Amino acid sequence: LDVDVTLTKYPVRGKKIITAPAPSWRGMRIDYPTALPENANRLRAESPVLDRSVVVTEVEQGTPAWRAGLRPGMFISKVDQMPVRTPKEFQTAVAGKSGPIQVFRADGERGTSVRTVPSG
């Protein structure tokens with residue numbers, strides 16, 4: 001059985017093989033910035049945000065992340081002052097933490113803004 005596949009984090013047209021997503025954290029999921037659809041208007045190859053952040057890919061309404069104002073397409077560069085550049089670094093930064101946690105939104109040329117995500 002021959003199967004043609006393209007393995008990448010870059011946008012791929014047509015059929016894709018999808019891995020299991022990381023567990024959600026306080027109602028949101030994150031991934032590498034290249035996981036955004038290729039037509040995402042803020043995703044540009046020359047953007048410095050791409051090398052120093054993760055992207056919010058999903059947020060469930062009514063969850064702590066939603067109440068904190070986090071939405072799909074937002075970039076996160078730090079969790080409680082700890083830089084996060086990969087989904088694994090993000091998961092490590094939030095692991096075992098309770099109570100409100102600050103996440104730093106990377107806004108490209110506009111700098112960063114802070115969102116406090118409540119625990120519940």
Side-chain angles (χ1 to χ4, degrees):
L1 174 70
D2 288 338
V3 178
D4 290 333
V5 288
T6 302
L7 301 178
T8 181
K9 278 293 191 178
Y10 293 98
V12 176
R13 297 184 205 290
K15 293 183 181 181
K16 301 170 183 72
I17 295 176
I18 307 296
T19 58
S24 71
W25 175 78
R26 297 188 183 182
M28 74 173 183
R29 292 187 193 280
I30 55 93
D31 204 336
Y32 290 95
T34 53
L36 286 175
E38 68 181 278
N39 62 352
N41 60 1
R42 293 183 302 158
L43 183 61
R44 291 173 290 161
E46 69 274 7
S47 175
V49 172
L50 298 178
D51 292 335
R52 55 183 172 84
S53 63
V54 293
V55 69
V56 177
T57 57
E58 297 176 38
V59 184
E60 298 171 42
Q61 288 187 359
T63 62
W66 182 269
R67 290 193 306 271
L70 294 166
R71 300 294 183 267
M74 291 181 169
F75 297 99
I76 295 175
S77 60
K78 293 180 190 175
V79 172
D80 282 343
Q81 299 297 330
M82 179 183 287
V84 291
R85 291 183 213 77
T86 67
K88 184 175 181 177
E89 287 179 356
F90 180 88
Q91 294 298 334
T92 299
V94 299
K97 293 195 176 204
S98 60
I101 295 177
Q102 288 186 325
V103 296
F104 292 74
R105 235 185 95 206
D107 293 326
E109 298 84 32
R110 294 179 285 173
T112 60
S113 61
V114 179
R115 304 290 172 117
T116 300
V117 182
S119 59

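Residue numbers count from 1 along this sequence. Values in this document were obtained by computation on a predicted structure and should not be read as measured data.
- R29 places no side-chain N or O within donor-acceptor distance of the main-chain N or O of V56, the cut-off being under 3.5 Å.
- Contacts classified as salt bridge (Lys or Arg N to Asp or Glu O under 4.0 Å) and involving residues 92-102 (residues at least two apart or in different chains) are given here: D80-K97.
- Judged purely by atom type and a 3.5 angstrom limit, R26 uses its side chain to pair as donor or acceptor with the backbone of V117.
- Scored by the side-chain contact (heavy atoms from CB on, under 4.5 Å) test, Q81 finds K78, F104 as partners (sequence neighbours excluded).
- With rounding to the nearest 0.5 Å, the separation of CD in Q102 from CE in M82 is 14.0 Å.
- Side-chain contact check for V59 versus M74: every heavy-atom pair is 4.5 Å or farther apart.
- For the salt bridge (Lys or Arg N to Asp or Glu O under 4.0 Å) test, no residue two or more places apart in sequence or in another chain qualifies with E60.
- Here I30 contributes atom CD1 and T57 contributes atom OG1; the two are 7.5 Å apart, rounded to the nearest 0.5 Å.
- Taking the side chain as every heavy atom from C-beta outward, P64 and P118 approach each other to under 4.5 Å.
- Shown here for P33 and V55, the closest heavy-atom pair between the two residues is CA-CG1, 3.7 Å.
- Put simply, the side chain of R52 never gets that close to the backbone of S77: no donor and acceptor are under 3.5 Å apart.
- The ring-ring contact (aromatic ring centres under 6.0 Å, His included) check on F90 picks up W25, with sequence neighbours excluded.
- Taking the salt bridge (Lys or Arg N to Asp or Glu O under 4.0 Å) definition, one finds that R115 meets it with nothing, sequence neighbours left out.
- Annotation: salt bridge (Lys or Arg N to Asp or Glu O under 4.0 Å) contacts involving residues 82-93, sequence neighbours excluded, comprise R85-E89.
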